[in-house]
Amino acid sequence: MQTVFALADCNNFYASCEKLFRPDLKHVPVVVLSNNDGCVVARSKEAKALGIKMGVPLFQIKDQIQQHGIVCFSSNYALYADLSNRVMTILEEEAPRVEVYSIDEAFMDLTGVSHAVDLLTFGQQVKAKVDKWTGITIGVGIAPTKTLAKLANHAAKKYPATGGVVDLMSPDRQKRLLALVDVGDVWGVGRRISTRLKEQGIHTALDLARANPKAIRSEYSVVLERTVRELNGTSCLELETVRPTKQQIVCSRSFGHKVTDKQELREAVAKYTTRAAEKLRGEQRLCRVVTVFIRTSPFIPGEPQCSKALSAELPNPTDDTRDLLEVTNVIFQQIYRAGFRYAKAGVMLADFYEQGTFQEDLFRPSTNRTQSKALMSVVDKINHSGLGNVFFASQGTSPTWSMKREHLSPAYTTRWGDLRGVL
DNA sequence: TCTGGGGTCCTAGGACCC
DNA sequence: TCTGGGGTCCTAGGACCC
């Protein structure tokens with residue numbers, strides 16, 4: 001049977017989330033900023049129309065913000081995650097198999113659906129339901145491969161006449177669309193590869209579809225070869241409904257201001273270690289390899305640069321925050337150099353194990369702390385409850401290095417948000 | 001003054017083994 | 001002085017994604 005994929009993708013997701021709770025901003029240009037209010041990561045359609053580019057640093061558009069009354073929001077991931085869950089739940093009700101691909105998009109398996117209902121109608125129904133129940137607008141692209149579904153979705157957004165839903169099952173329509181799409185807009189073709197392809201005379205998605213897959217494989221990679229096949233309607237990428245367990249956990253942040261004090265930097269590393277350990281327990285894994293990195297900002301001309309990273313292997317895998325804090329502190333002491341203005345630090349965890357599946361080091365008997373599991377689980381529970389915050393002394397109590405979030409919206413959908421709404 | 005964070009996959013090359 | 005071939009594992013780096 002011919003496979004059928006749909007890609008549902010929320011329009012201007014973060015900006016739409018913010019607007020949902022601010023009807024007064026309905027027709028106002030809105031942008032959402034990255035952590036530290038550094039650059040623009042989402043734009044409402046009014047902001048796009050003003051020519052605000054994705055990824056542009058905030059300070060470069062200060063004048064435009066003033067002039068056009070653009071409203072800025074710091075990113076509020078708790079809010080976006082909550083609304084995302086609501087959208088995904090609806091998609092899961094509509095299709096037998098769904099792959100949540102990112103916070104704002106999901107692939108759906110529609111194989112077999114066309115026997116019951118016309119695919120275009122189906123897409124329109126899903127779109128209407130999400131709109132009605134969440135207030136979020138989605139675009140839907142339907143095609144025989146994931147790469148073509150992406151392209152169909154792209155068209156659904158670009159051409160308003162489609163009503164936000166495009167059925168790209170017919171090879172004829174595929175060809176017509178591919179001819180209109182820049183090769184750089186194809187899923188899996190980034191800036192580097194797009195430049196190389198164009199030098200070779202491959203400018204549109206159709207040009208790429210007509211390239212020789214074998215030649216593409218030898219000149220580029222097996223990944224791009226799959227893209228070529230997918231553009232021709234041969235499905236190479238499966239729907240992945242079960243989220244693969246993580247291979248790596250990274251916690252890193254740029255600081256709100258440059259950090260020169262050793263103690264401050266150490267506290268930041270401790271904080272990221274704690275966050276990483278929480279994520280690790282959320283994955284129900286133990287980890288053995290820990291990396292710490294610290295670095296200055298490469299963006300400041302003439303700034304003395306320092307970028308250090310170091311990994312360490314634990315004798316036995318662990319998920320205990322205290323074990324990890326001990327290691328990251330030792331690493332930090334080794335890589336720290338005085339006399340620099342640090343801009344960013346991070347902690348990475350790798351080499352994961354399931355409980356009970358690893359070989360303990362014979363000569364270094366388990367250092368497992370008593371009651372480790374119970375303690376960590378209580379800490380996580382308190383911190384997730386929204387009722388309070390328990391933390392480790394090494395994190396410090398008054399972080400001066402923490403994120404800049406000057407335009408944060410209230411937590412509309414979580415418990416304190418509800419309360420704040422009442423007050 | 002001010003430039004995000006968190007991931008994945010693939011490949012090449014070196015170390016090491018038999 | 002001559003000096004193979006094949007395999008695995010690991011790591012670093014490059015490219016991509018949202």
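Labels below follow one simple rule: chain letters A, B, ... track the order of the sequence lines, proteins then strands, and each chain is numbered from 1. Every heavy atom of this structure was used, including side-chain atoms; hydrogens, water molecules and symmetry mates were not.
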With Q2(A) via side-chain hydrogen bond (donor to acceptor under 3.5 Å, both in side chains) - residues at least two apart: none
With a 4.0 Å cut-off on N to O distance, would you call R243(A) and E99(A) a salt bridge? no
Below 4.0 angstrom, N of the basic side chain to O of the carboxylate: do D82(A) and R86(A) qualify? yes
Qualifying salt bridge (Lys or Arg N to Asp or Glu O under 4.0 Å) pairs, either residue in residues 291-304 of chain A, two or more places apart: E303(A)-R341(A)
Stretch residues 55-65 of chain A: residues that reach within less than 4.0 Å of DNA chain B through a heavy atom: P57(A), F59(A)
How close do K127(A) and V165(A) get, heavy atom to heavy atom, and via which atoms? CD-CG2, 3.8 Å
What is the ring orientation for F5(A) with F107(A), classed by angle as parallel under 30°, tilted 30 to 60°, or perpendicular over 60°? perpendicular
5′-ward residue of the pair F299(A)/K279(A) relative to DNA chain B: F299(A)
Please determine whether side chain to side chain donor-acceptor pair (under 3.5 Å) holds for the pair N12(A) and S44(A), giving the CA-CA distance in whole Å, both sets of side-chain angles, and the decisive distance to 0.1 Å. CA-CA 6 Å; N12(A) 318 323; S44(A) 72; over 6 Å; no
Mind checking the P distance from dC2(B) to dC18(C)? Whole angstroms is fine. 30 Å
With a 4.0 Å cut-off, would you call R196(A) and E199(A) a salt bridge? no
Name the nucleic acid region contacted by I103(A), choosing base, sugar-phosphate or nothing; use a 4.0 angstrom heavy-atom cut-off, strictly under. nothing
Can you list every pair that meets salt bridge (Lys or Arg N to Asp or Glu O under 4.0 Å) and has a residue in residues 59-71 of chain A, with sequence neighbours left out? none
Could you pull out all residues at least two apart from Q333(A) that satisfy side-chain hydrogen bond (donor to acceptor under 3.5 Å, both in side chains)? K262(A), N329(A)
So Y336(A) and F332(A), would you call those rings parallel, tilted or perpendicular, with 30° and 60° as cut-offs? tilted
Please name all residues satisfying side-chain hydrogen bond (donor to acceptor under 3.5 Å, both in side chains) with Q125(A), sequence neighbours left out, ordered by chain then number. none
Counting only heavy atoms and a strict 4.0 angstrom limit, can you tell me which residues of residues 186-200 of chain A come near DNA chain C? V186(A), W187(A), G188(A), V189(A), G190(A), R191(A), R192(A), I193(A)
Is K344(A) positioned over the aromatic face of F255(A), cation under 6.0 angstrom from the ring centre and no more than 45 degrees off axis? no
According to side-chain hydrogen bond (donor to acceptor under 3.5 Å, both in side chains), who are the partners of T328(A), at least two apart in sequence or on a separate chain? T273(A)
If you write DNA chain B from 5' to 3' in dot-bracket form, with Watson-Crick or G-U pairs under 3.5 Å, [ ] for crossing pairs and | for pairs with another strand, what do you get? ....||||||||||||||
Want to settle it: does I300(A) or Q248(A) sit nearer the 5' end of DNA chain B, counting the closest nucleotide to each? I300(A)
Does anything in residues 155-167 of chain A form a salt bridge (Lys or Arg N to Asp or Glu O under 4.0 Å)? List the pairs, not counting sequence neighbours. D9(A)-K157(A)
What does D104(A) touch in the nucleic acid at a heavy-atom separation under 4.0 angstrom: a base, only the sugar-phosphate, or nothing? sugar-phosphate
DNA chain B: 5'-most and 3'-most nucleotides touching chain A, 4.0 angstrom heavy-atom criterion: dC2(B) to dT11(B)
Can you pull out the residues from residues 204-239 of chain A that lie within a 4.0 Å heavy-atom distance of DNA chain C? none
